[in-house]
Amino acid sequence: FRLFRVLRLIRNQKLLVIFDYLESLLKLPPFAFKMVRLFALILGMVHLCACFFWLVKVASNEDADFEMFLADNNLSRESSRVGKYMVSFYFINTVFTTVGFG
């Protein structure tokens, strides 16, 4: 598990370098850049959760349930990855940004 922590630290350092480069390139005020950084972090988390949601959806449901889920969302097994990603992205974004489903 220590190896994963080290890899995560290395990746975070690269990400910080990218943000520092963008900050110097765009010359945004500090508050605006913090907002852009926060938005990028939230978007990244929604992306990861949407991908994980789709992985769990595919792995845990039986074929009949999965086909029904696809039909409810106007998709098929042959649908593009973009369509499937948009469904999972919408679901995760709804869960993150609202109180619930009611």
Side-chain angles (χ1 to χ4, degrees):
F1 291 107
R2 288 181 187 241
L3 177 64
F4 291 121
R5 289 183 193 165
V6 171
L7 291 175
R8 192 177 319 151
L9 285 174
I10 292 170
R11 187 175 25 180
N12 287 343
Q13 292 299 325
K14 288 181 183 178
L15 191 61
L16 291 175
V17 170
I18 291 171
F19 278 125
D20 290 340
Y21 175 74
L22 285 175
E23 185 176 16
S24 66
L25 181 71
L26 297 175
K27 299 193 187 319
L28 290 173
F31 175 74
F33 189 73
K34 285 182 182 179
M35 293 300 292
V36 168
R37 187 184 235 167
L38 178 65
F39 182 73
L41 178 67
I42 291 171
L43 191 63
M45 287 303 299
V46 170
H47 167 74
L48 289 175
C49 289
C51 291
F52 185 70
F53 166 76
W54 191 259
L55 176 70
V56 170
K57 188 71 168 165
V58 170
S60 65
N61 284 349
E62 295 186 18
D63 284 338
D65 293 336
F66 188 64
E67 290 293 334
M68 189 170 63
F69 171 77
L70 291 174
D72 289 343
N73 291 293
N74 298 324
L75 296 170
S76 67
R77 285 198 183 265
E78 292 79 32
S79 295
S80 68
R81 287 184 183 169
V82 174
K84 295 173 183 176
Y85 177 75
M86 292 305 292
V87 167
S88 60
F89 187 87
Y90 175 76
F91 173 77
I92 294 298
N93 200 28
T94 302
V95 169
F96 277 7
T97 59
T98 60
V99 175
F101 297 104

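Note that these values count all heavy atoms, side chains included, but never hydrogens, waters or copies made by symmetry.
Not a single salt bridge (charged side-chain N to carboxylate O under 4.0 Å, His left out) links R81 to another residue, sequence neighbours left out.
Here the straight-line distance linking atom CZ of F91 with atom CG of N73 works out to 10.5 Å at 0.5 Å rounding. In this structure, CG on L75 lies 8.0 Å from OG on S80, to the nearest 0.5 angstrom. Residue M86 holds its CE atom at 9.5 Å from CG of N93, rounded to the nearest 0.5 Å. Interatomic distance, OH of Y85 versus CH2 of W54, reported as 13.0 Å (0.5 Å rounding). Going from atom CD1 of I92 over to atom CZ of F52 covers 10.0 Å, rounded to the nearest 0.5 Å.
At least one cation-pi condition fails for K57 and F66: the charged atom is not both under 6.0 angstrom from the six-membered ring centre and inside a 45 degree cone around its axis.
The two residues D63 and R77 have their closest heavy-atom pair at OD1-NH2, 3.1 Å. Across F53 and S88, no two heavy atoms sit closer than the pair CD2-CB, 3.4 Å.
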Check your understanding: Between F69 and V87, does a side chain to side chain contact (heavy atoms under 4.5 Å, CB included) hold up when you go through it step by step?
Key -> CA-CA 10 Å; F69 171 77; V87 167; 3.9 Å; yes
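The side-chain heavy atoms of V95 and Y90, taken from C-beta on, include no pair separated by under 4.5 Å.
One hydrophobic cluster, built from ILVMFWY side chains closer than 4.5 Å, holds both I42 and F89. Taken together through direct or relayed side-chain contacts under 4.5 Å among Ile, Leu, Val, Met, Phe, Trp and Tyr, L43 and M35 form parts of separate hydrophobic clusters. By the criterion of side-chain heavy atoms lying less than 4.5 angstrom apart, applied directly or through intervening Ile, Leu, Val, Met, Phe, Trp or Tyr residues, L38 is grouped together with F96 in one hydrophobic cluster.
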